[in-house]
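To start, the structure itself, in structure tokens.
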Amino acid sequence: MEAASGIYEESETENTPTMPFDLERARRETPGCEQVLHFNNAGSALTTRPVLDAVIAHLQLEAQIGGYEAADQARAAVDRVYDAVAELIDCSPDEVAIVESATRAWDLAFYSISFQPGDRILTAMAEYASNYIAFLQVAKKTGAVVEVIPNDAAGQISIDALQNAIDERVKLIAITHVPTNGGLVNPVAEVGKIARQHGILYLVDACQSIGQMPIDVEQIGCDLLSATGRKYLRGPRGTGFLYVRNTVLEQLEPPFLDMHSATWLARDRYEIQPGARRFETFEANYAAKIGLGVAIDYVLQWDMATLWRRIKTLAYTLRARLSPLPDVIVRDRGVTQCGIVTFTVEDKSPQEIKSALSQQQINVTVTPRVATLLDMDARGLESAVRASVHYYNSEEEIERFCRAVEGLG
Ligand SMILES: Cc1ncc(COP(=O)(O)O)c(C=O)c1O
């Protein structure tokens, strides 16, 4: 079993000027705050009132005038989703595909890469199960090899080890920014520098980081980035997006094409759409897609640096309050630690803790070994409680949460 991890104070945004944070507004615009103490934001966050209203309004419009007609009428809101993503991550709207989940976004990118026998795929210890399973499948089919770069002493991907692993056979570096199983934030921009220096394709899974911290694809230096809508962006379930850098588009062959991603020109010919929308399909959940745009517009109204700082401060407070509790071990690693707080309690399974808290309208989840198998095995962990805070959570909720954990006896 690993020893208790260090609790690190927030680091690199410490000196970034931030705006005052309006908690009262954030909670007023989050209807679920009145029902639950929601520390499952890394699972699926509570949506905002504007998102809820936009999704319901579009569903009603579909019921009243028809689905295609409603989509036509809502054209501006649908187009806005691409602009909103572009503004959020600093890219061009034509580098964005809107899809149904982070997994689908990631798969679309990964399965578009043409691997040859001996090509190397470099990844990190805390890689997400779905991504790693895809690596294994593609390795089996193509003869590519999957290699896991070890962690440094703080638990994040070792930049030195990555640098040493580079040679001309490395086809792809694919890592998760914030792993599903804890507060770790991998140094994606440092990885990006190495990828750029060697001209290696670089795919970032930003599923848990998007909406939680500033994400800038130029600063990260990635070619591909996948994200979900329902977690820290507070969008509807069943939404996600893929960023594809314009300059790598032509190296990728989308694994599926349809009459939206391509145009049928003749008996023996089709033409693929320009831009990242070649990764989409004709059919989409328009209400959810519009909701995703509204969720991103909502976050853009706030100052991302301020939100990130608040999330880190809340998580820091939570770790600091949990650590001294009898039998509680906080499990988070990393130099920078985000809003995901994981812990275990001696002689109580994470599932028991989740169920007991749920009786008190407190939401957490359990992160299982198989979601991040390599990392969990290296740390001797079978599972952990995952309590993930968002900016709309309050200091009082942290107190109530810690009292509830303490009261589990
Ligand atoms: C790191 C990471 N990547 C990908 C996913 C999958 O996201 P989605 O369920 O939107 O496909 C998750 C889900 O928890 C995740 O934690």
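One is the number of the first residue; the rest follow in order along the sequence. All values below were derived from every heavy atom in this structure, side-chain atoms included, with hydrogens, water molecules and symmetry-related copies excluded. Just follow the structure's listing: the first ligand is 1, and inside any ligand the first atom is 1.
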query = Should we count CD of Glu24 as having more than 12 external heavy atoms under 6.0 Å?
reply = yes

note = Correct closest heavy-atom pair for Leu23 and Arg310 would be CD1-NH2, 3.7 Å

key: salt bridge (Lys or Arg N to Asp or Glu O under 4.0 Å) involving Arg277 - partner list, sequence neighbours excluded   = none

Contact residues of ligand 1, where a non-hydrogen atom lies under 4.0 Å away = Ser101, Ala102, Thr103, Tyr128, Thr176, Val178, Thr180, Asp205, Cys207, Gln208, Thr228, Arg230, Lys231

task = On the 0 to 90° scale, with breaks at 30° and 60°, tag the Tyr232-His390 ring pair as parallel, tilted or perpendicular.
result = tilted

task = Please indicate whether Gln301 has more than 12 foreign heavy atoms, meaning atoms of other residues, nucleotides or ligands, lying under 6.0 Å from its CD.
result = yes

message = Here's a test for you: under ring pair (Phe, Tyr, Trp, His ring centres under 6.0 Å), which of Phe279, Phe135, Tyr128 qualifies with Trp106?
response = Phe135

